[in-house]
Amino acid sequence: MSSEIDTKLEGLITSIYKLSGTEFNINSTQQLANILFDILELPQIKKRSTAENVLKQLQEHHELPKRILEYRKYNKLKNTYVDALPELINEKTGRIHTTFNQTIAATGRLSSTNPNFQNIPIRTDEAREIRKSFRAQKDGWKIFSADYSQVELRIMAHFSRDKGLIAAFQNGEDIHSRTASHVFNVPIDLVLPEMRRTAKVVNFGIMYGAGPFRMSQELGIPRKEAVAIIESYFEQYPGIQNYIDTTLEKARNKKYVETILGRRRPVWDADSDNGLRRKTAERMAINMPIQGSAAEMIKLAMIAIQKEMIKRGMKTKLILQIHDELLFEFPNDEEEILVKLVVDKMENAMELSVPIIVDHGIGETWYDAH
DNA sequence: GTCATCAGC
DNA sequence: CACGCTGATGACA
């Protein structure tokens with residue numbers, strides 16, 4: 001992969017220099033901004049930022065931004081993953097050993113360093129190839145992946161006690177389609193893929209406290225339409241509006257918010273006179289109980305799973321946690337019991353007012369299992 | 001040491 | 001200004 005990417009990069013560098021009329025350090029955002037905004041005089045969308053979505057918008061004006069985006073994609077892939085990971089193989093064990101930090105993330109999630117194994121690419125097909133290099137160490141062993149389905153939305157349903165949202169999960173409905181059906185005022189069977197995509201962005205955006213501005217940027221629509229969509233959303237799920245109001249009230253009164261098991265995050269600025277600080281504090285307050293409770297759920301599941309595997313004298317190893325996903329390597333003769341055990345412990349780690357669903361897969365590599 | 005960028009959830 | 005939580009990389013001061 002490294003040499004294939006090298007070939008692509010060389011071609012891109014040549015074409016970038018030609019389009020720019022000069023050679024420069026493409027990795028320097030300052031030098032790049034010089035070329036884009038001073039020499040080529042392209043419009044400055046967000047000051048002199050050269051961030052991905054700025055370059056995407058500049059694509060219609062010039063060929064250069066497109067090449068820069070390609071260059072960055074391959075450069076990131078090569079430097080951060082393809083070339084870096086093999087260097088970290090431990091000589092004695094033949095494995096790469098990450099470190100999981102338990103006391104870094106303010107929400108109670110784990111974090112992973114040296115290397116970070118929680119940000120291995122998956123979103124684009126090319127980058128996803130990297131996952132083919134992670135496989136079980138022994139012959140006759142495979143990778144098992146199990147991940148929670150929309151666990152944060154389910155936790156929000158539980159917290160908010162929103163009748164519609166809870167009913168939707170209990171009936172096994174497609175939650176993004178259901179949201180789309182209401183927002184776009186069409187029967188659920190007539191929801192188009194594009195509408196579902198929009199609704200998915202809205203469902204996640206709300207959990208992160210996104211406002212009309214961010215929502216309109218994300219969806220590429222006017223702010224007015226984003227306002228209408230958000231209003232329609234809270235009309236459909238009034239319990240969520242109530243959850244947000246109650247949570248913010250708590251943050252203002254008690255100066256903290258907390259997860260389902262009682263992990264607290266201090267929130268000092270929920271009543272700040274400074275609008276920016278207040279808004280930031282509000283978003284943290286809304287998100288932490290949800291993200292943190294999801295983290296607690298998978299931690300309880302991991303403990304229960306490990307305990308059970310020891311009790312049964314299994315050889316399977318739990319090797320990674322990626323926030324809502326667990327990865328195992330297992331010998332073939334443990335497959336049947338492992339799948340049952342893991343799905344059961346994950347789905348029943350906590351008692352909520354909505355069902356918890358776990359998806360899973362098996363394969364020779366991480367790529368094939370997930 | 002900080003910032004911008006971009007990889008994941 | 002403008003979406004929560006992270007970590008790695010490279011540039012720059």
Side-chain angles (χ1 to χ4, degrees), chain A residues 24-33 46-56 68-69 71-85 87-88 98-101 103-124 126-128 130-131 147-153 155-156 201-219 223 226-227 230 244 247 257 265 267 274-295 298 320-326 366 370:
Chain A
F24 66 106
N25 185 344
I26 306 169
N27 295 321
S28 161
T29 50
Q30 278 183 33
Q31 294 181 38
L32 177 61
K46 192 181 163 193
K47 295 183 195 164
R48 293 173 69 80
S49 164
T50 68
E52 188 171 16
N53 49 352
V54 172
L55 296 188
K56 271 190 186 142
I68 299 286
L69 286 170
Y71 170 86
R72 280 194 184 156
K73 182 174 82 183
Y74 288 115
N75 200 46
K76 179 92 174 186
L77 224 59
K78 181 166 152 60
N79 290 334
T80 310
Y81 304 104
V82 176
D83 286 351
L85 290 173
E87 302 288 318
L88 296 168
T98 187
T99 301
F100 283 110
N101 309 113
T103 55
I104 299 283
T107 55
R109 272 188 178 179
L110 300 181
S111 84
S112 157
T113 55
N114 258 314
N116 180 353
F117 252 122
Q118 293 178 321
N119 73 348
I120 303 297
I122 191 167
R123 288 175 194 184
T124 67
E126 290 165 286
R128 202 172 180 164
I130 290 173
R131 294 187 170 220
D147 66 286
Y148 281 115
S149 162
Q150 295 151 351
V151 65
E152 293 190 353
L153 279 171
I155 286 170
M156 186 167 70
V201 169
V202 175
N203 274 327
F204 281 103
I206 297 283
M207 275 192 305
Y208 298 153
F213 177 84
R214 181 70 197 211
M215 218 73 96
S216 68
Q217 293 279 308
E218 203 75 29
L219 296 170
R223 213 158 71 169
V227 171
I230 294 169
I244 292 173
T247 304
V257 291
R265 177 174 190 172
V267 179
N274 182 323
L276 211 79
R277 292 177 67 150
R278 191 176 62 247
K279 286 288 175 201
T280 302
E282 287 179 356
R283 290 194 296 271
M284 289 190 238
I286 291 164
N287 179 254
M288 184 273 178
I290 299 171
Q291 190 182 116
S293 299
I298 198 167
L320 284 180
Q321 188 251 46
I322 310 100
H323 305 307
D324 66 354
E325 171 187 8
L326 296 179
W366 192 0
H370 186 79

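All chains are named by letter (A, B, ...) in the order of the sequence lines, taking the proteins before the strands, and each is independently numbered beginning at 1.
T80(A) places none of its side-chain heavy atoms less than 4.5 Å from the side chain of N116(A). Taking the side chain as every heavy atom from C-beta outward, I26(A) and R72(A) never approach each other to under 4.5 Å. Side-chain contact between Q118(A) and R109(A): absent, with no pair of heavy atoms (C-beta onward) separated by less than 4.5 Å.
Base contact: R214(A) has a heavy atom under 4.0 Å from a base atom. Within the nucleic acid shown, A295(A) has no heavy atom closer than 4.0 Å to any nucleic acid atom. Heavy atoms of L77(A) sit nowhere under 4.0 angstrom from any nucleic acid atom. Within 4.0 Å (heavy atoms only), G205(A) reaches at least one base atom of the nucleic acid. Using a 4.0 Å heavy-atom cutoff across all strands shown, N75(A) reaches no nucleic acid atom at all. Counting non-hydrogen atoms under 4.0 angstrom, I322(A) reaches the backbone sugars and phosphates but no base. Residue contacts for A106(A): at a heavy-atom cut-off of 4.0 Å it reaches the sugar-phosphate backbone alone, with no base atom in range.
The side chain of A105(A) approaches dC5(C) more closely than any other nucleotide in the set dC1(C), dC5(C), dG7(C). Taking only side-chain atoms of S49(A), from C-beta outward, the nucleotide of dC9(B), dT5(B), dT6(C) with the closest atom is dT5(B). You'll find that the side chain of I122(A) is closest to dC9(B), out of dC3(C), dC9(B), dG7(C). Here the nucleotide nearest the side chain of S111(A), chosen from dT9(C), dC3(C), dG7(C), is dG7(C). Taking every side-chain heavy atom of N27(A) into account, dG10(C) is the closest of dC3(C), dG10(C), dC12(C). Here the nucleotide nearest the side chain of Q30(A), chosen from dC6(B), dC12(C), dA7(B), is dC12(C). When the nucleotides dA11(C), dC5(C), dT9(C) are ranked by their closest atom to the side chain of Q291(A), dC5(C) comes out on top. The R131(A) side chain lies nearest to dC9(B) when the options are dG7(C), dT5(B), dC9(B). For Y208(A), whose side chain is taken as the heavy atoms from C-beta onward, the closest listed nucleotide among dT9(C), dC3(C), dC12(C) is dC3(C). Distance from the side chain of Y81(A) is smallest to dA7(B) among dT9(C), dA7(B), dC9(B).
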message: Taking Watson-Crick (N1-N3 plus N6-O4 or O6-N4) and G-U wobble (N1-O2, O6-N3), each under 3.5 Å, can you produce the dot-bracket string of DNA chain C? Use [ ] for crossing pairs and | for inter-strand ones.
response: ...|||||||||.
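The separation between W366(A) atom CH2 and dG8(B) atom P is 11 Å, rounded to whole Å. Rounded to whole Å, atom P of dT6(C) lies 19 Å from atom CD1 of I120(A). Following rounding to the nearest Å, K76(A) (NZ) and dA4(B) (C1') show an atom-to-atom distance of 10 Å. Atom pair I230(A):CD1 and dC3(C):P shows a separation of 9 Å (rounding to whole Å applied). The interatomic distance linking N101(A) (CG) with dC9(B) (P) rounds to 19 Å, in whole Å. Following rounding to the nearest Å, L32(A) (CG) and dG10(C) (P) show an atom-to-atom distance of 17 Å. Between the C1' atom of dT6(C) and the CG atom of N114(A) lies a distance of 15 Å, rounded to the nearest Å. Distance I286(A) CD1 to dA2(C) C1': 14 Å, rounded to the nearest Å.
Residues T29(A) and R265(A) both approach DNA chain C. Their nearest nucleotides, taken by heavy-atom distance, put R265(A) toward the 5′ side.
Listed pair T50(A) / dA4(B) fails the phosphate criterion, with no side-chain N or O lying under 4.0 Å from OP1 or OP2. For R283(A) and dG4(C), the shortest distance from a side-chain N or O to OP1 or OP2 is below 4.0 Å. Contact annotation: N119(A) does not reach the phosphate of dC6(B) (side-chain N/O to OP1 or OP2, under 4.0 Å). Applying the 4.0 Å criterion to OP1 and OP2 of dC9(B), one finds that R123(A) has a side-chain N or O inside that range.
A salt bridge links K73(A) with E126(A): the distance from a Lys NZ or Arg NE/NH1/NH2 to an Asp or Glu carboxylate oxygen falls below 4.0 Å.
The shortest non-hydrogen separation linking W366(A) to I120(A) is CZ3-CG1, 3.8 Å. Counting all heavy atoms, side chain and backbone alike, I298(A) lies closest to Q321(A) at CG2-NE2, 3.3 Å. In terms of heavy atoms, R128(A) sits closest to I122(A) at CD-O, 3.5 Å. Taking both residues in full, the closest heavy atoms of A106(A) and R265(A) are given as CB-CZ, 3.6 Å, listed atom of the first, atom of the second, then distance.
When the C1' atom is used for both dC3(C) and dT2(B), the distance is 23 Å, rounded to whole Å.
Looking at R72(A), its side chain has no donor and acceptor atom pair within 3.5 Å of the base of dC6(B). With hydrogens and angles ignored, no donor-acceptor pair closer than 3.5 Å exists between the side chain of E152(A) and the base of dC9(B).
Atom CG of residue L153(A) and atom CD1 of residue I206(A) lie 10.5 Å apart, to the nearest 0.5 angstrom. In this structure, OG1 on T50(A) lies 11.5 Å from CD on Q31(A), to the nearest 0.5 angstrom.
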